[in-house]
Asks: 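Can you read through this structure? Questions will come right after.
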Amino acid sequence: MSDPLFEYLCRMGDNTLVLGHRVSEWCGVAPVLEEDIALANTALDLIGQTQLWLGLAAEVEDAGRDADALAFRRDVWDFRNLLLVEQPNGDFGRTMMRQFLFDAWHLPYLTALMDSKDARIAAIAEKSAKEVTYHLERSTDTVIGLGDGTEESHNRMQAALDRLWPYVGEMFVGDAVDSSLQERGLAPDPASLRPGYDELVGDVFTAATLKRPEDDFAHKGGKTGARHSEHLGHMLTQMQWLQRAYPDATW
Amino acid sequence: MYAQMIKSTGKGVKSLDEMDPQERAFQERIDAGGKIEPKDWMPEGYRKNLIRQIGQHAHSEIVGQLPEGNWITRAPTLERKAILLAKVQDEAGHGLYLYCAAETLGVTRDQMTRDLLSGKMKYSSIFNYPTLTWADMGAVGWLVDGAAIMNQVPLQRTSYGPYARAMVRICKEESFHQRQGYDIMMKMAKGTPAQRKMAQDALNRFWYPSLMMFGPSDKESVHSAQSMAWKIKMNTNDELRQKFVDQTVPQAEYLGLTVPDEHLKWNEEKGGYDFSEPDWEEFFDVLKGNGPCNTERLEARNKAWDNGRWVREGLLAHAAKKRIAKLAAE
């Protein structure tokens, strides 16, 4: 295994990179102008967080790579993001459900990281948590508004929840990387966040009149890089194209 | 400026003596540099003209997200991606304040949106051109935002208060957009041979469409004369175009790029460049809907609006339920 801290920082940065990219695909085609602005703002925050996480990853690795080299020159098997965030946008409902399921994990996770013994991690977490507080507020409101809206919006949100729920469990499964950081007081045990998560999303689903799926089966393989979905490769062909087509250029 | 060929009353400008007392007081206030506010009396022609102009500007900001959105997912670095996202977000924000400014004149955003989607209201011709390489993100910022600023800076002094105030905020952001565009061009023009080629190609494709943004010569136009008397247009199209060329040519030289105009020449006597007119036939084709991307742009906006219907309806239905629950609780 490579340095657990490097692996860990790639996980954090790849989550925000891949989700930021997905959200940015909405540019100019949201259902209403205010949503265009909010989606662009969310994507912008996530890309900014990526610069910090992958920047620190590159510093820790100390192998002459920078955040851009990590973002634009690694192939699928080196990505360490959760499977949830690489799932395609689908309709606006699915995009916002994915956002909510992620935000509801992301904010408490970052809050826990603010106590990290590594001051650099704590500082990035603190800055990110301010932005993610707003993301969670907005995605919560949207899930409730559309879940408890019209019959059509309700059905679409329930379908989105059913479709994405199998990608939730991966957020709480720890491995050797997590244990290594946990032992050093750098990051929390992922499983410790599950009860709070279940309570938070449970309350929101009730307000949204949505039914939590009964089966908690969880797809895994994103954060370890063992097995991504087919979608990530297509995203990278677009995201990394210029860097790979013109490897000598600076931009 | 993203407004072109805006129709006014179509009649000549009245002299003060020909006006009734109310209209005369209105014109005198404008002549004295005063601002007109939403609740003030205004001639119907002034109101309609402004709705057309502000609406066209707002629509341009909205449609203008598309050619740049085309490159957000392919931006070559994290920083470039972040800057482009910030820029597109600003543009949506400009659309929002401009729609709000137009709403003070008694038209709704929904009505203006319907008129955009049906093709009844226009947006700037420039957004019907494709963005084909990363250098186009530079050219759009440098030339398109540069041309827009030429007209928007004087519009900060326009007679209609809400429009002038929106423009103050917009101008601050547009000048940042132009700088980031030029910064992309610098990197490209000083980069590898392939990057230089992209930069020159972008200038070649965007030069004349940028000159078209000011609209055809309007020295003789009755619409422009009326708009200028009302101070909702501050300069003629030719004045602004000349200023744009004079500002931009040295910038192109600094980049080591060639402006695609063999007749471009400094004219000592007028203290400005002589330059070739764009192909106005092409301009009118684009306005009629025959630009390279008109169909795609309107299709994209219509699809976004249609696909978003259930979302808008869902959120409205939820808001109504909440209102009812609140009333029942009181």
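Note that the structure is predicted; figures quoted are calculated from it, not measured. Proteins get letters first, then strands, A, B, ... in listed order; numbering begins at 1 in each.
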Asks: Which atoms of A:A30 come close to chain B, meaning under 4.5 Å heavy atom to heavy atom: side chain ones, backbone ones, both, or neither?
Replies: backbone
Asks: Looking at A:N41, A:D91, A:T50, which makes the most heavy-atom pairs under 4.5 Å with chain B?
Replies: A:N41
Asks: Apply side chain to side chain contact (heavy atoms under 4.5 Å, CB included) to residues B:V311 and A:V32 and explain how you reach the verdict.
Replies: CA-CA 9 Å; B:V311 177; A:V32 67; over 6 Å; no
Asks: Atom NZ of residue position B:K190 - does it have more than 12 heavy atoms of other residues, nucleotides or ligands inside 6.0 Å?
Replies: yes
Asks: Hey, are B:R109 and A:E34 close enough for a salt bridge, meaning a charged N less than 4.0 Å from a carboxylate O?
Replies: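 Judged by the 4.0 Å cut-off on N to carboxylate O distance, B:R109 and A:E34 do form a salt bridge.
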Asks: Measuring heavy-atom distances to chain B, does A:W241 have an atom under 4.5 Å in its side chain, in its backbone, in both, or in neither?
Replies: side chain
Asks: Which heavy atom of B:G308 sits nearest a heavy atom of A:P31, and at what distance?
Replies: CA-CB, 3.5 Å
Asks: Relative to chain A, which segment of B:E79 carries a heavy atom at a distance below 4.5 Å: side chain, backbone, both, or neither?
Replies: both
Asks: Could you tell me which non-hydrogen atom of B:A82 sits nearest to which non-hydrogen atom of A:L44, and how far apart they are?
Replies: O-CD1, 3.1 Å
Asks: Let's go through B:T77 and A:Q243 carefully: what are the C-alpha distance in whole Å and the side-chain angles of both, what is the deciding distance for side chain to side chain contact (heavy atoms under 4.5 Å, CB included) to 0.1 Å, and is it a yes or a no?
Replies: CA-CA 8 Å; B:T77 68; A:Q243 284 268 357; 3.9 Å; yes
Asks: Using heavy-atom distances under 4.5 Å, tell me whether A:R22 contacts chain B through its side chain, its backbone, both, or neither.
Replies: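 Neither part; nothing is under 4.5 Å.
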Asks: Do you know which two heavy atoms are closest between B:L78 and A:I47, and how far apart they sit?
Replies: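 Closest pair (atom of B:L78, atom of A:I47, distance): O-CG2, 3.6 Å.
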Asks: For the candidates A:D141, A:L39, A:T150, which exhibits the highest count of non-hydrogen atom pairs separated by less than 4.5 Å from chain B?
Replies: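 Option with the greatest count: A:T150.
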Asks: Need one label for B:I184: side chain, backbone, both or neither, based on atoms under 4.5 Å from any heavy atom in chain A.
Replies: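 Contact with chain A is absent: no heavy atom of B:I184 under 4.5 Å.
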Asks: Is a side-chain donor or acceptor of B:Q195 paired with a backbone partner of A:T250 at a separation under 3.5 angstrom?
Replies: yes
Asks: Where along residues 129-138 of chain B does a heavy atom come under 4.5 Å of chain A, listed by residue number?
Replies: B:W134
Asks: Among residues 58-81 of chain A, which residues come closer than 4.5 Å to chain B, judged by heavy atom distances?
Replies: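 If one takes a 4.5 Å heavy-atom cut-off, the residues of residues 58-81 of chain A near chain B are A:A67, A:D68, A:A71, A:F72.
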Asks: Are A:Q240 and B:R74 side-chain neighbours, meaning at least one heavy-atom pair lies under 4.5 Å?
Replies: no
Asks: Take a 6.0 Å sphere around NE2 of A:H234 and say whether it holds more than 12 heavy atoms from other residues, nucleotides or ligands.
Replies: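 No, the 6.0 Å shell around NE2 holds no more than 12 heavy atoms from other groups.
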Asks: Hey, mind stepping through A:I37 and B:L96 against side chain to side chain contact (heavy atoms under 4.5 Å, CB included) and telling me if it holds?
Replies: CA-CA 9 Å; A:I37 296 172; B:L96 199 59; 3.7 Å; yes
Asks: At a 4.5 Å cut-off on heavy atoms, which part of A:L46 comes close to chain B: side chain, backbone, both, or neither?
Replies: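 It is neither, since no heavy atom gets under 4.5 Å.
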Asks: When rounded to the nearest 0.5 angstrom, what is the spacing between CG in B:L315 and OG1 in A:T142?
Replies: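 Between atom CG of B:L315 and atom OG1 of A:T142 there are 6.5 Å.
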Asks: Flag the pair B:W305 / A:V29 as yes when at least one side-chain heavy-atom distance between them is below 4.5 Å, and no otherwise.
Replies: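 The answer is no; the side chains never approach within 4.5 Å.
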Asks: Which region of B:M188, side chain (C-beta onward) or backbone (N, CA, C, O), has a non-hydrogen atom less than 4.5 Å from a non-hydrogen atom of chain A, or is it both or neither?
Replies: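 For B:M188, the side chain is the part near chain A, not the backbone.
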Asks: What part of A:M157 lies closer than 4.5 angstrom to a heavy atom of chain B: side chain, backbone, both or neither?
Replies: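 Just the side chain, heavy atoms under 4.5 Å.
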Asks: Among A:R156, A:H154, A:E25, A:E152, who wins on heavy-atom pairs under 4.5 Å with chain B?
Replies: A:R156
Asks: For B:L66, is it the side chain, the backbone, both or neither that has a heavy atom under 4.5 Å from a heavy atom of chain A?
Replies: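 For B:L66, the side chain is the part near chain A, not the backbone.
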Asks: Mind checking what makes ring pair (Phe, Tyr, Trp, His ring centres under 6.0 Å) contact with A:Y246, not counting sequence neighbours?
Replies: none
Asks: Tabulate, in ascending numerical order, the residues of residues 317-330 of chain B having at least one heavy atom closer than 4.5 Å to a heavy atom of chain A, or enter 'none'.
Replies: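 Those residues of residues 317-330 of chain B which have a heavy atom under 4.5 Å from chain A are B:A317, B:H318, B:K321.
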Asks: Do we see a donor-acceptor contact under 3.5 Å between the side chains of B:T73 and A:Q238?
Replies: yes
Asks: Nearest 0.5 Å, what's the CD-CG distance between B:E313 and A:L146?
Replies: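 If we round to the nearest 0.5 Å, B:E313:CD and A:L146:CG are 11.5 Å apart.
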Asks: Is there side-chain contact between A:D36 and B:Q65, with at least one heavy-atom pair below 4.5 Å?
Replies: yes
Asks: Can you tell which of A:A40, A:G145, A:C27 has the highest number of heavy-atom pairs within less than 4.5 Å of chain B?
Replies: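 If we count pairs closer than 4.5 Å to chain B, A:G145 comes out on top.
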Asks: Against chain A, label B:W310 side chain, backbone, both or neither, depending on which of its atoms sit under 4.5 Å from a heavy atom there.
Replies: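 Contact with chain A is through both the backbone and side chain of B:W310.
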Asks: Identify which part of B:R309 has an atom lying under 4.5 Å from any heavy atom of chain A, answering side chain, backbone, both or neither.
Replies: neither
